[in-house]
Number of protein chains: 2
Amino acid sequence: MTSMSSAPTPRQASRRPTMRDVARLAGVGIKTVSRVVNGEPDVAPETAERVRKAAAELQYEPNMHAGNLRRGDGRTHTIGLLVSSVANPFAAQVHRAIERVATERGYAVFATSLEDDPAAERRAIAALARRRVDGYVVTPVRDDQSYLQVHLDRGTPMVCIDREPSGIDVDTVVTANHDSAREAVRHLIAQGHRRIAFLGDLERIQTARLRRDGYLAELADQGTPADPALTVLDLHDDTSATAITRRLLTLPDPPTAIFSSQNLVTVGAIRALQQLGAEHDVALVAFDDVESGDLVSPRVTVIAQDPDRIGRLAAERLFARLDGDVGPPRQLVVPTRLVVRGSGEIPGPGRAAAAASP
Amino acid sequence: MTSMSSAPTPRQASRRPTMRDVARLAGVGIKTVSRVVNGEPDVAPETAERVRKAAAELQYEPNMHAGNLRRGDGRTHTIGLLVSSVANPFAAQVHRAIERVATERGYAVFATSLEDDPAAERRAIAALARRRVDGYVVTPVRDDQSYLQVHLDRGTPMVCIDREPSGIDVDTVVTANHDSAREAVRHLIAQGHRRIAFLGDLERIQTARLRRDGYLAELADQGTPADPALTVLDLHDDTSATAITRRLLTLPDPPTAIFSSQNLVTVGAIRALQQLGAEHDVALVAFDDVESGDLVSPRVTVIAQDPDRIGRLAAERLFARLDGDVGPPRQLVVPTRLVVRGSGEIPGPGRAAAAASP
DNA sequence: GGGGCGCTTGACATCGATGTCACGTGGTGG
DNA sequence: CCACCACGTGACATCGATGTCAAGCGCCCC
C-alpha cells in the first residue's frame with residue numbers, strides 16, 4: 001500500500017511487528033494496544049483510533065500463541081480431528097461439517113489421517129497434545145483407547161465418531177450400523193429374496209462386524225437360515241470383492257441378492273455383476289452411498305450414511321463440553337436413509353411364494 | 001498406569017505438568033529438563049534417565065507454543081492449506097498428499113474450505129497468520145492476491161495450486177488445463193467428430209477459461225469452426241448441466257460429441273444422455289475423473305488429473321522454501337492422463353469422411 | 001476546597017519454554 | 001601445585017502477549 005512495498009527490489013524478511021512496535025508508533029503503552037486489539041472497553045475513542053491506524057500501517061497481526069500462553073484458560077482455539085484419511089469421501093464430508101461449526105466459533109481444525117494404523121493414532125494424539133488443541137474428534141483405530149484418559153483428566157474433551165472407543169467413556173456419534181443392516185436385509189427379503197449374500201470389510205473393523213451382525217440378526221428374525229458360504233468378511237478393496245462376488249455367483253446354489261457393506265466392496269461387486277451380465281437379475285443393496293451410484297444401470301439402491309450430520313453433532317458435542325457441559329457422556333446414533341434406486345428392487349424367487357403362502 | 005488414575009471418582013481437571021514440575025520431581029534445574037526433552041548433548045546419562053522417568057510419570061508433553069515463542073526462528077511447524085472445500089474429492093486428495101509430506105517433517109496442516117468465496121480467502125489467511133503458520137498452500141479465489149505480498153516479505157513462503165495467482169510472484173503447481181483440453185478435443189476429432197460441444201464451469205474460474213480456450217484453440221488448429229451455440233460456460237452443478245445438455249442434444253443440428261470440463265457437469269451430462277437414450281450415440285470425454293466412472297455404461301473416457309502429484313509437488317516446493325531456497329519462483333505444470341474407457345471412442349460422422357478424404 | 005469516584009492509562013509480573021552465560025568439579029599438563 | 005579445560009548444570013533474561021494493580025486526571029458533591 002505505501003512507499004516501497006511495491007518496488008521490485010530483492011525483498012528481505014522484515015521482522016514481524018509486535019504489540020510493542022504498534023505501541024511505539026501510536027505513542028501509547030503496550031497494554032493499551034492490547035485493549036484496542038481485543039476490543040476491551042474503557043479506551044478513549046481517539047486513542048483507539050490512533051492505535052488502529054498504527055496497527056494497520058504496520059500490518060500488525062496478533063500472535064495468538066503468545067496470547068494463549070498468558071491467558072488464564074490457555075485455550076488455543078484449535079481442535080484435532082483423527083480420521084482414516086482426509087481423502088476418504090466419507091471422512092472428508094465429516095471433516096467439512098466439523099470445520100463449519102468450528103469456523104463459526106473461531107476455531108481451526110487440524111486433521112490427521114491414520115490409515116487404520118494404531119501406531120499412527122498414538123503419534124497423532126501426541127503431536128496434537130504438544131500443540132495443545134482444546135479438544136479431539138477421534139475415529140478410534142486401536143483396540144484400546146484407555147491411554148487417552150489422561151487427556152480427559154486434564155480437561156481436554158473428546159468425541160469419538162464412526163466407531164465406539166473402548167477403555168474410555170466419552171461422547172460418541174455413530175451410524176446406526178446394526179439396525180441399518182437389518183433394514184437392508186429386510187428390504188431384500190420383502191422383494192422375495194431368501195439367499196442373500198453379505199460382503200463385508202475387514203472383520204477387525206467394528207462397523208464391519210456390526211453390519212454383519214445386523215444382517216445375521218435380521219435373517220434369524222425372519223426365519224431365513226444364514227448360509228455361512230454367503231457371509232464373506234475381510235474384503236477391503238474392489239478387486240478382492242470382484243473376485244469373491246464372481247465366485248459366489250457361480251456357486252451351484254448362488255445368492256439372488258447381495259448386501260454389500262462398504263464402498264469399495266460395492267464397486268467390486270457391481271463390476272462382477274456387470275462382467276457376468278447379472279446386474280439386472282441379482283439384487284443389490286449397498287451400505288454407504290456410491291458416488292454417482294445413480295448413473296449406473298441399474299441404479300444402485302443404497303443405505304446412505306449422513307456424514308454431514310455426524311460431523312455436525314460431533315462438533316456440537318465437543319463445543320458443548322468446551323462450554324462447560326459436565327453431564328454424562330452421550331451416545332448419539334445417526335440414522336441412515338434407504339435410497340431406493342432400482343438395484344435393490346429386483347424381485348427374488350420368493351416373491352411369488354411370499355404372496356401365495358400367507 | 002499408576003495409583004489412582006483408574007479410580008472411578010469424579011475426575012477433576014488436573015493441572016497440566018510443565019517443565020518446572022518435571023524438574024522438581026527429578027531434582028534438577030528446568031534447563032536440564034529442556035536439554036533432555038530436546039535431546040541436546042552434554043547431559044550425564046543417569047541425570048537424563050532420572051528426567052525421563054519423571055517426565056513419563058507425570059505424562060509430561062512439552063508445550064510447543066511456548067517453545068516456538070522463545071526459539072530464535074519462531075517456527076510453529078504448521079502450514080496452512082486453503083482449498084475450495086475439504087469435502088471436494090480433488091482437494092481432499094491434494095490435502096492427503098500434502099499431509100503425507102508434512103507429517104514426515106513433523107509438520108501439522110490446517111486445512112480451510114473457501115467455497116469459492118473471496119472474502120473467505122482473506123479471513124482464512126488472517127486466521128492462519130495469527131496462528132503463525134510457517135507457510136501457505138493456496139488455491140486462489142480472489143482476482144488479486146497482491147495483499148499477500150506482506151506475508152511473503154515477512155518470510156512466510158506460499159505455493160499456489162490449481163489456479164495461477166495474480167499480483168504476486170510465487171511458486172505454482174497447476175494442471176495442464178489448456179493442453180489437456182486440446183488433447184480431449186483432438187481425441188474426439190480423431191474419432192471423426194466435428195460438432196463437439198463444450199460444457200464449462202463458471203467463466204470467472206480461471207481453469208474453466210483455460211479449458212475452454214484449449215478447446216477453442218484445438219478446434220481452430222484443426223480447421224473445425226467452433227459453433228458458439230455449442231460452447232457453454234457458467235455451469236456449476238449437475239442439474240443445470242443436465243438441462244443444458246438436453247437442450248443441446250435436441251437442437252436441429254446437435255453435437256455428436258461432448259467435452260465436459262468439470263466433475264459435476266459431467267454427472268449432469270451423463271444423466272441427460274441417459275434420459276435421451278443417447279449415451280451410446282454421442283461421444284463424451286470428461287475432464288477430471290468421475291468416481292466409479294468405470295461402472296457407467298458406456299464407461300466414461302476421462303482426462304484424469306493427478307491431485308496426488310499436485311499436492312506432493314506443492315508441499316515439496318513449500319518445504320524447499322522453508323529450507324532456504326531463494327531461487328526464482330517456479331511454475332510447475334502437472335500433466336494429465338487420457339483414460340480411454342469407451343464413451344470417448346464412440347465414432348462420429350466424420351469417421352468415414354476422414355477416411356475418404358486424404 | 002477537599003475527598004472521592006470513574007474513566008484512562010501504563011508499569012510490571014507472568015504464561016512455559018529456550019538461549020546465554022557463568023559456575024562448580026574433576027582431570028590434565030606444565 | 002596451580003592454571004586451564006571440558007563437561008554438566010542451573011540462574012536468569014527473554015519471546016509476545018494479557019492480568020493485576022496503582023496512578024493520573026477531571027469532575028461532582030458535600
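Keep in mind it's a predicted model, so treat the numbers as computed, not measured. Only heavy atoms go into these numbers, but all of them, side chains included; no hydrogens, no water, no symmetry mates.
- Distance, A/Met19 CE to C/dG10 C1': 14 Å, rounded to whole Å.
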Give me the distances for all protein-to-nucleotides 4-8 of chain D N/O pairs that come in under 3.5 Å?
| unit_1 | atom_1 | unit_2 | atom_2 | d |
| --- | --- | --- | --- | --- |
| D/dG8 | OP2 | B/Asp42 | OD1 | 3.1 |

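- Side-chain atoms of A/Asn68 and A/Thr76 form no donor-acceptor pair, as typed in the model, at a separation below 3.5 Å.
- Atom CZ in B/Arg20 sits about 11 Å away from atom C1' in D/dA11, given to the nearest Å.
- One atom, CG of A/Asp21, and another, C1' of D/dA17, lie 13 Å apart when rounded to the nearest Å.
- Within 4.0 Å (heavy atoms only), A/Val37 reaches no atom of the nucleic acid at all.
- We find that CG of B/Asn63 is positioned 14 Å from C1' of C/dT14, with the value rounded to whole Å.
- Listed pair A/Asn38 / D/dT18 meets the phosphate criterion, a side-chain N or O lying under 4.0 Å from OP1 or OP2.
- Between the C1' atom of D/dG16 and the CE atom of A/Met64 lies a distance of 14 Å, rounded to the nearest Å.
- Note that B/Arg142 lies in the cation-pi zone of B/Tyr147, set by a 6.0 Å cut-off to the ring centre and a 45° limit from the axis.
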Side chain to side chain contact (heavy atoms under 4.5 Å, CB included) between B/His95 and B/Val83: does it pass, once the steps are laid out? CA-CA 9 Å; B/His95 181 185; B/Val83 293; 5.8 Å; no

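- Between B/Leu69 and B/Ala48, the residue anchored nearer the 5' end of DNA chain D, judged by the nucleotide with its closest heavy atom, is B/Ala48.
- Contact check, B/Ser34 against C/dT18: a side-chain N or O comes under 4.0 Å of OP1 or OP2.
- The side chain of B/Thr32 places an N or O atom within less than 4.0 Å of a non-bridging phosphate oxygen (OP1 or OP2) of D/dG10.
- Following rounding to the nearest Å, B/Asp73 (CG) and C/dA17 (C1') show an atom-to-atom distance of 14 Å.
- At least one side-chain heavy atom of B/Leu318 sits less than 4.5 Å from a side-chain heavy atom of B/Ile79.
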Short heteroatom pairs, N/O only, protein and nucleotides 19-21 of chain C, under 3.5 Å:
| unit_1 | atom_1 | unit_2 | atom_2 | d |
| --- | --- | --- | --- | --- |
| C/dG19 | N7 | B/Lys31 | NZ | 3.1 |

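- Between the CG atom of A/Asn68 and the C1' atom of C/dT14 there is a distance of 15 Å, rounded to whole Å.
- The closest side-chain heavy-atom distance from B/Asp323 to B/Arg105 is below 4.5 Å.
- Closest non-hydrogen pair, B/Ser85 versus A/Arg96, comes out as OG-CD, 3.4 Å.
- In this structure, A/His65 places its NE2 atom 17 Å from C1' of C/dT18, rounding to the nearest Å.
- Between A/Arg16 atom CZ and B/Thr156 atom OG1 the span is 4.5 Å, to the nearest 0.5 Å.
- In this structure, the side chains of A/Ile125 and A/Leu148 come closer than 4.5 Å at one or more pairs of heavy atoms.
- Under a cutoff of 6.0 Å and an axis angle of 45°, B/Arg75 and B/Tyr107 do not form a cation-pi pair.
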